[in-house]
Amino acid sequence: MSDKKISSSRKHHLKSLMLAIAKSLLEQEVKDIEVERKRYMSETCQPLSLPGSMQALQELCRELHHKIDVTDEERYDLEMKVNKCAKEIEDLNIKVIDLKGKFKKPVLRKVRMSADQMLGALLGSKHKVSLDLRANLKQVKKEVKEEDKELRDVGDWRKNIEDKAGMGGRKKMFETES
């Protein structure tokens, strides 16, 4: 199969067949879900019968409100249980990461701030402090060492080579060729 190559028209034909089958399966799934929903509603929900008198309607409304309150309480309780479990899971995950010894450090962004801006952010806008770090720096004068003076006197090493180039000027002969 790997030696044979499928032509592009055959590929497109197979692809369209697969899409058609997938579409029919999705449509069938939607129909099945709708049938299941109707079956469930008919089993669990009784058909609504509205009484004719005002007193009976008010009683029905009270009963429905009571059922709504009960369902809301259950929903709230379940939501709180889910939140509590999610928090416990998060705590346990943090403990597992700590036990493994591999703690992911968050990516830090570069922040360009001057010293004055940093102090303003730390101390707040009430305190006006200006910090001139350059004023506190010590002025250092560069001392010239004696060895450096000797090296300067010697000069460029290429000039000294010409003086030391014995060999009857053969060095100049090689320079003219290149």
Side-chain angles (χ1 to χ4, degrees), residues 1-134 136-137 174-175 177-178:
M1 186 84 182
S2 63
D3 295 335
K4 297 180 182 178
K5 292 187 178 180
I6 301 174
S7 66
S8 64
S9 62
R10 175 90 172 132
K11 279 184 191 177
H12 290 297
H13 177 67
L14 289 174
K15 190 174 183 181
S16 63
L17 284 176
M18 286 174 41
L19 288 174
I21 291 171
K23 181 180 178 183
S24 65
L25 288 175
L26 283 174
E27 289 172 354
Q28 183 62 35
E29 188 178 336
V30 168
K31 288 177 185 175
D32 291 344
I33 290 173
E34 185 64 30
V35 168
E36 179 65 26
R37 183 177 162 271
K38 286 182 181 178
R39 185 192 59 78
Y40 176 79
M41 291 301 284
S42 65
E43 286 177 3
T44 55
C45 297
Q46 303 163 357
L48 186 62
S49 59
L50 294 174
S53 69
M54 186 65 131
Q55 193 71 350
L57 278 175
Q58 287 177 346
E59 185 61 35
L60 179 66
C61 286
R62 284 190 198 109
E63 185 179 323
L64 288 176
H65 279 292
H66 179 68
K67 285 182 181 179
I68 290 172
D69 289 341
V70 168
T71 358
D72 277 345
E73 288 174 3
E74 289 176 1
R75 182 190 55 81
Y76 180 77
D77 291 342
L78 289 175
E79 189 177 332
M80 288 299 116
K81 282 183 183 178
V82 166
N83 288 342
K84 183 179 177 184
C85 290
K87 182 69 175 165
E88 287 178 12
I89 289 171
E90 186 179 334
D91 291 341
L92 289 174
N93 281 338
I94 290 173
K95 285 182 181 179
V96 166
I97 290 172
D98 287 344
L99 290 176
K100 283 183 180 178
K102 294 179 180 177
F103 181 70
K104 279 189 174 178
K105 293 181 181 176
V107 178
L108 298 177
R109 296 180 301 171
K110 275 190 176 179
V111 178
R112 294 190 176 196
M113 281 185 147
S114 68
D116 292 333
Q117 289 173 333
M118 211 176 296
L119 282 174
L122 290 173
L123 300 176
S125 60
K126 295 178 183 177
H127 303 286
K128 293 288 182 183
V129 179
S130 67
L131 181 64
D132 188 13
L133 295 176
R134 293 182 184 204
N136 296 336
L137 291 177
F174 285 115
E175 286 180 341
E177 290 178 12
S178 58

Got a second to check how far [X]'s [atom1] is from [Y]'s [atom2], nearest 0.5 Å?
| X | Y | atom1 | atom2 | value |
| --- | --- | --- | --- | --- |
| Leu99 | Ile94 | CG | CD1 | 12.0 Å |
| Asn93 | Asp98 | CG | CG | 11.0 Å |
| Glu73 | Arg75 | CD | CZ | 11.0 Å |
| Glu63 | Cys61 | CD | SG | 10.0 Å |
| Asp69 | Leu64 | CG | CG | 11.0 Å |
| Asn83 | Glu88 | CG | CD | 11.5 Å |

Applying side-chain hydrogen bond (donor to acceptor under 3.5 Å, both in side chains), which residue pairs with at least one partner in residues 13-32 are found, sequence neighbours left out? Gln28-Asp32
Gln55 and Gln58: side-chain contact (heavy atoms from CB on, under 4.5 Å), yes or no, with the steps? CA-CA 5 Å; Gln55 193 71 350; Gln58 287 177 346; 3.6 Å; yes
Using a 6.0 Å cut-off, check whether atom CE of Met54 has over 12 heavy atoms from anything other than its own residue.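 No - once you tally the heavy atoms of other residues, nucleotides and ligands closer than 6.0 Å, there are 12 at most.
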If you count the non-hydrogen atoms of other residues, nucleotides and ligands that lie under 6.0 Å from CD in Glu43, is the total more than 12?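 It does: Glu43 CD has more than 12 such atoms within range.
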Please determine whether side-chain contact (heavy atoms from CB on, under 4.5 Å) holds for the pair Val30 and Glu34, giving the CA-CA distance in whole Å, both sets of side-chain angles, and the decisive distance to 0.1 Å. CA-CA 6 Å; Val30 168; Glu34 185 64 30; 5.7 Å; no
Checking Arg62 now: which residues fulfil salt bridge (Lys or Arg N to Asp or Glu O under 4.0 Å) with it, not counting sequence neighbours? Glu59
Just so I know, are the side chains of His66 and Val70 near enough to count as touching, which here means a heavy-atom distance under 4.5 Å? yes
